[in-house]
Amino acid sequence: MPSTPAHSVIVLDFETTGLSPNMGDRAIEIGAVKLVNGDVVDTFQELMNPGRRVSSFIEGYTGITNNMLRTAASCEDVMAKFGHFIGDSHLVAHNASFDKRFLDAELERVNVRYSGQFACSMLIARRLIQDAPTHKLGDLVRFKHIDNDGVFHRALADAQMTAKLWMVMIDELEQQGVFDPSFKLMQTISKTSKGAMRGLLEKARSNAKS
DNA sequence: TGCCAGGCCCTCTTTAGGGCCTT
């Protein structure tokens, strides 16, 4: 049985062969950080061999080449390990609907299930950081002056940046008095994943004006 | 560089259409 604490959060990011598992696309890399009370306590990064060549566009976009994937473990082996890593944690991703589709598709292949709820940092950023020029992950990181090493479109780097952005937004909400001091990150995600973030953010803006 | 799909959100809306964001 997974030993992951119930209050932990996994921030994850997939690199893939394309946009849609329903169109035959597969994962080629998974990166994730585990947060407990907002602190990074563990990381996960693995390339995985999708069983076919990736396009030159994906090679250029991610820097992940067919040669790198040739000797990588299979998607099935990596995803079985990742399923154990996430345990029963709640999950965060930037544009989570994309990563959830691939997580669901790849875990279904290895008959692994997860119980955590998904929250989307992009949907929250669209409401909380309305003055950003765009809500692409890289643009938000630059806009909020979040430390980064300049690596984009690799799974662990993007997951780490998403985790930092996530904590910046949580801190802003707490500073605006939206959350009770005892409010736990797990509860935050539970609410956001149910779409109740709209009300929380409206309250945040109301508090900021008053 | 962009396309594919799909969910969310906005608006010149709801009997719809299109932009954003992810690879």
Under 4.0 Å from any atom of DNA chain B, heavy atoms only: list the residues of residues 131-159 of chain A that qualify, in numerical order. A/T134, A/H135, A/K136, A/L137, A/H153, A/D158
My understanding is that only residues two or more places apart in sequence, or in another chain, count here; which of them pass side chain to side chain donor-acceptor pair (under 3.5 Å) with A/N49? none
Between CD1 on residue A/I28 and CD1 on residue A/I58, distance to nearest 0.5 Å: 6.0 Å
Rounded C1' spacing from B/dG19 to B/dT15 in Å: 22 Å
Across all chains, not counting sequence neighbours, the side chain to side chain contact (heavy atoms under 4.5 Å, CB included) partners of A/A32 are A/I10, A/L12, A/F44, A/F82, A/F85
Would you list the pairs meeting side chain to side chain donor-acceptor pair (under 3.5 Å) in which at least one residue belongs to residues 150-161 of chain A, sequence neighbours left out? A/E29-A/R154, A/Y61-A/H153
Say you pick atom C1' in B/dG7 and the same atom in B/dC12; how far apart are they, in whole Å? 23 Å
So does A/D25 pair up with A/R52, basic N to acidic O under 4.0 Å? yes
I'd like to check the side chain to side chain donor-acceptor pair (under 3.5 Å) partners of A/H135; sequence neighbours left out, ordered by chain and number. none
Given atom NE2 of A/H94 and atom P of B/dG6, what is their separation to the nearest angstrom? 21 Å
Rounded to whole Å, the CG-C1' distance (A/L103 to B/dT23) equals 16 Å
Below 4.0 angstrom, which residues in residues 11-29 of chain A have at least one non-hydrogen atom near DNA chain B? A/D13, A/F14, A/E15, A/T16, A/G18, A/L19, A/S20, A/N22, A/M23
Judged by each residue's nearest nucleotide on DNA chain B, which is more toward the 5′ side, A/S56 or A/S97? A/S56
Determine the Euclidean distance between corresponding C1' atoms of B/dT14 and B/dC8; express it in Å to zero decimal places. 16 Å
Taking side chain to side chain donor-acceptor pair (under 3.5 Å) as the definition, give me every residue that meets it alongside A/E106, ordered by chain and number, with sequence neighbours left out. A/R26
Interatomic distance, A/I64 CD1 vs B/dT22 P [rounded to whole Å]: 16 Å
Residues passing the side chain to side chain donor-acceptor pair (under 3.5 Å) test with A/N66, sequence neighbours excluded, are A/E59
Between the protein and nucleotides 16-19 of chain B, list every N/O to N/O distance that falls short of 3.5 Å.
none

Rounded to whole angstrom units, what separation is found between the CD1 atom of A/I124 and the P atom of B/dC8? 13 Å
What pairs with A/D131 under side chain to side chain contact (heavy atoms under 4.5 Å, CB included), at least two apart in sequence or on another chain? A/I129, A/F143
Proximity to the side chain of A/R127 - top-ranked nucleotide from B/dC9, B/dT22, B/dT23: B/dC9
Using atom C1' in both nucleotides, what's the gap between B/dC21 and B/dC3 to the nearest angstrom? 15 Å
Rounding to an integer number of Å, can you tell me how far A/F102 CZ sits from B/dC4 C1'? 11 Å
A/D99 has an atom CG; how far is it from atom P of B/dG6, in whole Å? 16 Å
Check the distance between B/dT23's P and A/R53's CZ and give it to me in whole angstrom. 22 Å
Of all residues at least two apart in sequence or in a different chain, which pass the ring pair (Phe, Tyr, Trp, His ring centres under 6.0 Å) check with A/F14? none
Kindly write out the residues that satisfy side chain to side chain contact (heavy atoms under 4.5 Å, CB included) with A/R113, not counting sequence neighbours, or none if the list is empty. A/N111
Assess, by modelled atom type and distance only, whether the side chains of A/S115 and A/D88 contain a donor and an acceptor separated by less than 3.5 Å. no
How close or far is atom P of B/dT1 from atom CD of A/E59, stated in whole angstroms? 15 Å
Using atom P of each nucleotide, how far apart are B/dT1 and B/dG6 to the nearest Å? 26 Å
Inter-nucleotide P distance (B/dC4, B/dC20), Å rounded: 14 Å
